[in-house]
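Atom set for the values below is all heavy atoms of this structure, side chains included, hydrogens, waters and symmetry mates excluded. Quick note on labels: first sequence line is chain A, next is B, and so on, each numbered from 1.
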Amino acid sequence: MESSFSLAAFLGQFLVGLSRAMILFIVASGLSFILGVLRVPNVAHGSLYMIGAFAAHAIATALGNHPAGFWAAMVGAPLIVGGISLAAERLLFRHLYEREHLMLLLFTFGLALILGDLTKMTWGADYRSIVPPPFLQGSLDVLGTALPRYNLFLLLVGPAVAVALWLVSAKTRFGKIARAAAVDREMVGAIGIHVSWVFAWAFVLGCMLAGLGGALVSPTISVTLGMDHTIIIEAFLIVTIGGLGNIWGALVGSLLFGVTQSLGVLVLPQFAIVFPYLAVVLILTFKPTGLLRSVW
Amino acid sequence: MKSQGFISRGLVGVLAAAVVVAGITGGAEARNIKVGIVDTYSGPPAVFGNDALNGFKMAVEEINRQGILGGKIEFVTRDDKFKVDIGLNMAKELALKENVDVIVGVVNSGVALAISDAVAKKEKIPFFTWMGKSANITGKAGHRYVFSTTENTAMATKAAATVLARKPFLRIWVAGDDYEYGHALDDSFTHYLKQLRPEVEFLGRTWWKLGEPDLVPYFTSIQAAKPDLVHFCTGGASMANVLKTIQATGLHRNTAIYIHTAIDYAVLKPLGLNAPEGVMGTMDYLFYYPEMSSHQKFVKDFQARYKTPPGFPAYHAFLTAQFIAEGFRKAGKIDREAFIDALEGLKVDSPVGKVEMRACDHQAVLPIYFGTTRLSQEHQAAVAADILTLRGAEVMPTCEEVLGARK
Amino acid sequence: MLWALGLWLALFFAPLAAGRFTVYLLGVILVTGLLAMSLNLLVGHGGAYQFHHGAFYGVGAYTAALLITKTSLPAWVGLAAGPLAAAFAGLMIGSLCIRLNKLYFGMIQISLGSLLWILALRWYDLTNGDDGIHGIPLPEALSGSGSAFTFLLAVVGVCLLAMHRILESPFGTTLRAIRDNPQRCAAVGIHVRRHQLTAIVIATFFAGVAGVLFVVLEGSVFPDMLFWVLSLEIFIMCLLGGWFTFLGPMLGAAIIVLLRTVVGGFTEYWTLILGVVLILLIFFLPEGIMGAGHRLRLYRRRAAGPPSRGGDRAAG
Amino acid sequence: MLQVDGLCKAFGDFQAVNGAWLTVRQGDLVAVIGPNGAGKTTLFNLITGHLQADRGSIRFREQEISRLPAHEICRRGIARSFQIANIFPRLSVFENVQVAVLSAKGLSRHLLHPTRRLVREETEGILERVGLQDRRLDLAGSLSHGDKRILEIAIALGNEPELLILDEPTAGMSPEETAATLALIRRLAREQGLTILFCEHDMEVVFNVATSIMVMQHGSTLVQGPPLQVRADPAVQEAYLGRD
């Protein structure tokens, strides 16, 4: 065991944790964005992540596992998820924004149940797997640790998504309105903005992040039913730690989860399973509304 | 009065529910043999449930062409959703309302143990598990009314330990899914390997939660310890995650790896030609081995019907149907106790040869195949190569051991 | 009240009149219904985000199961200890939760409940992990299925009576006031958090009773009982039957259990059906079946004429 | 009875209350007036413990109460109503008041006595005093806005307070309702011997009702005194009345 504590192993493990945090961040930021702007605790977010993974597989397979198919899947899957979420928002959600949070939560739970079974109807229960393009296969030796190239790729994608999100929320008119709506819905309505469509696009954006997360994760795991359950609880724990509705809170929460869990595996492997829950309990005990400012 | 109104109306509702319950319950005795299947048809384990059902259907059609005791086998299916309470609920419905003669199925060992105790033992209904892999089912928790037509964790790991004890692996690391199945594999493999080769050293253990999406952090910590052999205790969907991570990190290039069911086609097929080569695994059924004519015919028929080769659940279910048919034929009447007596020591034909139902513990005597993954252009996937066959009698705990554990 | 009592007494004859599966299913409904009603005490009447109520159900069941199988104490002691252990867990977890608001309350509770779930899942030597504990021996008097049902029905009846009294007491009225407006409650001198904590302890006690009754009914316990998905399913039962009614959750549990048994036998898409039912409910019957019935009666009464002075509610 | 000195409360950079002072004697009917944003509601929230003051003291019956939680202050005899209708919408009108009466009598935590047999007379009495007795069985959420505001006062009365604090009791009311409400306040003060502190942004409305008027501006107290004296105060005329 003494060799596991070397600095190199620690750094390698740290990088692995960071790459894991990137997927978590992409999914959790979408959840948090929806929580912030629409005040909807979207339990169906996990199902959309799963659909993203299945759709990515379908697209990649349709293009015969050609490397271009992988990139088409990374773009196409979020779009498919975006389409589904737009339909759900326009047909169902928008009639419910005035309801209590508990109703919205149960509503999205119902949606999650439906989407889960629809996924099964469409794609069946078999395990699936996507092959990344050749240059992302295999591993690189970083400080004596074999790091999969794909994880290094994720380390580039994560920050890119974070920057894109920041640009959208801080620099565009849509982002500004969405942030204002998060603070005071009536005021935004009062200054004559068509809030309904702002909400719709905010919802779609958040859901597309779930789809992107699902697509990105698909080469590293087997795509199966039940993926939704695992991710949704983790994503909710992350946004709670960070502060509900705060995208940067989702980033902090994801990094905390990814890195600590990854280093925890090295030091206290038996502790890894309880860590996320314990982290929520400890953080909420001392900071009752999460680490960063929450709109809830 | 408002609240009283609620109470009385509520109770009217409850009573109405009782009437509905009464309406859907109550059944009739039939001359056909009625088999109730409780299995998982939703969620990830549905892969197993569906495959098993296909194998069972195929066998039943064949059996019904001849008939049994002047009747046929008919069956009903119930989805347990991989949940113990629902599984119990469904098994009780089959036993108490549908009046089935036999209950079969169950992927989830927890469900199998619950049904075995609360339904099979209590209601005296024969129960076959064709997928529940806990050695406890026919071991510690076994009894007259429970049968297993699948290999279990003890058999698989004893087979693996027998082979691996002959190889130069001394420093061993264990990693796997943090749930009962994973721990059962670890306990039993460790037990047998230490017995056969006391000088082996277990360096450490890594457990991740079931469904953990990213295993790389766990792998990097294993690599740092440089073991000779890693025993991964995993199965189902997370098996594919493990294989993918092995391929991505290249762990198999400098470390030997053993995983029970790693040579399962259902696991290897989705990975295609991107599966890691050289991973050692055990299985009690491979559709391409052994190459005997009865087996090839079975596989061909199955593929013609379902467009996919049979997996081990299909084989187990097929075998179970044979045991049910032959058991009742031998008993000569539709009687549960006579059926059980007939089953004990019964040998039936299966596509890969005769299989015996061991009398002492009601465990089917199945061979275990030990193989190593190798890419096959023909299958466009990895398959098992260098297959060693370990006979059931070699790998099963002895009757004395089992009966001792039951006390 | 006599009406209700008569119906309850009539159910005691179910084992004589109905088939065994019917009786078993009634037992499942009663246990699940009691669990749902105990949750509704907090959610429908207390307005708390009690997200992981199943954890206390599990604590009650596991306590009973472990005391019976691992100690030489009489089985009755195990059965009695279950609800107390659940209430104690409620006190511990509740005192951490009540300091937080709404979704944060819910999330910290899911986390604490999941820690208990992990305990049940991982402490193999004690709990058998995933496999669960089966074949739990019960006291002689409960071993027949008829007598077990009678016991179940009696205990559920007593629990319902107690819950009804609690909800009709000043404690219950104040609890509903907190649900409607916690800030205003503080302004009329109510110690809101202490009141909620008391409610949590009471509700978790009844959840523990339901857990113990599950052991009596099935003779098994397993970690799934403490998994968060079960807790959400109980929520649906409350919603279906009616949040703001007393017996609604029992009705909701009956419908879900029956649907699951009937529909589950024919289709593997049961969750899809459940999802559709849930969404239709939220759109068209947000107050559940009994809530809607109650609304309808109020409407009819209004249509029939103005309420008489000193009418039913105040005069009792 | 109530003595507020040098009270301060800031929200971020915004100094909502900045050195406010106020004196209420037994039997007074004190009106706090000031334009919107003068800090009236914040002042009331500080007195009743819904907010914690940054600095300053609040003494009620010679005891410091500025650090106590809301429910504790209520128990000492200060009851309040809120600016926005703050009732229990899913309870009946009767129960709305009953909850407060039960709390005042320390019965809130009783578990086994049926509520319907408790404190009936007291509750009925209050409903009759404010004129809501005919609506007692309706769900509070279904009342008109004016009735909700009256119900709020009734809830506050249920606490059997020595000091009743009303936050803009006539906000959003029609002129007729306003007049009726003011008459109710005056009657309560006279007949029940209640000490009442209330706020309004319209000075004219309170001149005939209040026995003492405190004028607030930018979070500070400009002046407090009898109506005529306040009206004559040059600073008040400058800040408040001068604009007409």
Side-chain angles (χ1 to χ4, degrees), chain C residues 1 41 44-47 161-199 201-202 205 243-245 287 291 294-295 298-299 301-302 306-316, chain D residues 48-50 69-82 86-92 94-120 123-124 133-142 152 155-156 158-159 161 165:
Chain C
M1 211 63 183
L41 211 64
H45 300 282
L161 216 63
M163 280 158 104
H164 187 253
R165 284 224 82 158
I166 290 168
L167 284 174
E168 293 294 303
S169 72
F171 180 85
T173 310
T174 306
L175 190 63
R176 281 192 293 278
I178 291 174
R179 169 197 69 199
D180 279 7
N181 197 336
Q183 191 198 18
R184 190 70 177 99
C185 275
V188 298
I190 292 160
H191 195 320
V192 172
R193 299 211 191 287
R194 196 174 65 184
H195 209 88
Q196 279 178 322
L197 184 59
T198 313
V201 171
I202 292 171
F205 176 85
W243 293 111
F244 306 118
T245 64
E287 292 188 12
H294 179 218
R295 276 274 147 115
L298 271 184
Y299 176 77
R301 204 161 56 189
R302 287 252 171 75
S308 57
R309 273 196 69 158
D312 53 9
R313 182 66 189 228
Chain D
T48 56
H50 287 84
H71 60 89
E72 191 55 45
I73 291 174
C74 174
R75 283 195 195 145
R76 303 210 171 183
I78 301 180
R80 71 171 294 185
S81 79
F82 291 78
N86 211 336
I87 52 167
F88 308 115
R90 289 192 152 276
L91 301 189
S92 71
F94 185 86
E95 286 172 318
N96 264 267
V97 178
Q98 201 182 16
V99 164
V101 178
L102 287 168
S103 169
K105 299 211 177 291
L107 294 172
S108 294
R109 289 163 64 77
H110 270 244
L111 276 170
L112 296 172
H113 294 291
T115 311
R116 58 174 187 273
R117 298 216 191 101
L118 294 170
V119 299
R120 283 194 56 194
T123 310
E124 295 276 348
Q133 65 272 34
D134 290 338
R135 311 295 306 268
R136 65 155 85 75
L137 295 177
D138 293 353
L139 282 188
S142 69
E152 266 225 77
I155 295 173
N159 267 115
I165 299 183

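- Under the 6.0 Å distance and 45° angle rule, D:Arg90 counts as a cation-pi partner of C:Phe244.
- Contact record, C:Pro170 with D:Leu107: CB-O, 3.2 Å, taken as the closest heavy-atom pair.
- At a 4.5 Å heavy-atom cutoff, the contact between D:Leu102 and chain C is made by side-chain atoms alone.
- For D:Leu91, the parts sitting under 4.5 Å from any heavy atom of chain C are the backbone and the side chain alike.
- For the pair D:Phe88 and C:Ala177, the tightest heavy-atom approach, listed with the atom from each and the gap, is CD2-O, 3.2 Å.
- Distance CG/C:Asp180 to CG/D:Leu139: 9.0 Å, rounded to 0.5 Å.
- For C:Arg179, the part lying under 4.5 angstrom from a heavy atom of chain D is the side chain only.
- The structure places NE2 of D:His110 at 14.0 Å from CD1 of C:Ile166, a figure rounded to the nearest 0.5 Å.
- Both the backbone and the side chain of D:Asn86 come within contact range of chain C, each with at least one heavy atom under 4.5 Å from a heavy atom of that chain.
- By the ring-ring contact (aromatic ring centres under 6.0 Å, His included) test, C:Phe171 pairs with C:His195, sequence neighbours left out.
- Looking at C:His191 and D:Arg109, their side chains never come closer than 4.5 Å, going by heavy atoms from C-beta outward.
- Residues satisfying the salt bridge (charged side-chain N to carboxylate O under 4.0 Å, His left out) test with C:Arg193, not counting sequence neighbours, are none.
- Using a 4.5 Å cut-off between heavy atoms, D:Ala156 contacts chain C through both its backbone and its side chain.
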Could you go through D:Val99 and C:Ile190, starting from their C-alpha distance and side-chain angles, then the distance that decides it, and tell me whether this counts as side chain to side chain contact (heavy atoms under 4.5 Å, CB included)? CA-CA 9 Å; D:Val99 164; C:Ile190 292 160; 3.7 Å; yes
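- Both the backbone and the side chain of D:Ser108 come within contact range of chain C, judged by heavy atoms closer than 4.5 Å.
- By number of non-hydrogen pairs under 4.5 angstrom with chain D, the leading residue of C:Ile202, C:Thr174, C:Leu167, C:Val192 is C:Thr174.
- Heavy-atom distances place no part of D:Glu72 under 4.5 Å from chain C, backbone and side chain included.
- Only the side chain of C:Thr198 comes within less than 4.5 Å of a heavy atom of chain D; its backbone N, CA, C and O stay farther away.
- The backbone N or O of C:Val188 lies less than 3.5 Å from a partner atom in the side chain of D:Ser103, making a donor-acceptor pair.
- Ion pairing between C:Glu168 and D:Arg117 fails under the 4.0 Å rule for side-chain N and carboxylate O.
- Residue-level contacts of residues 73-80 of chain D with chain C, in order of numbering, are D:Cys74, D:Arg75, D:Arg80; threshold 4.5 Å between heavy atoms.
- Contact check for D:Ile87 versus C:Asn181: no side-chain heavy atoms found under the 4.5 Å cut-off.
- Contacts of D:Phe82 classified as ring-ring contact (aromatic ring centres under 6.0 Å, His included), with partners at least two apart in sequence or in another chain: D:His50.
- In this structure a side-chain-to-backbone donor-acceptor pair under 3.5 Å is missing from C:Ser169 to D:Leu112.
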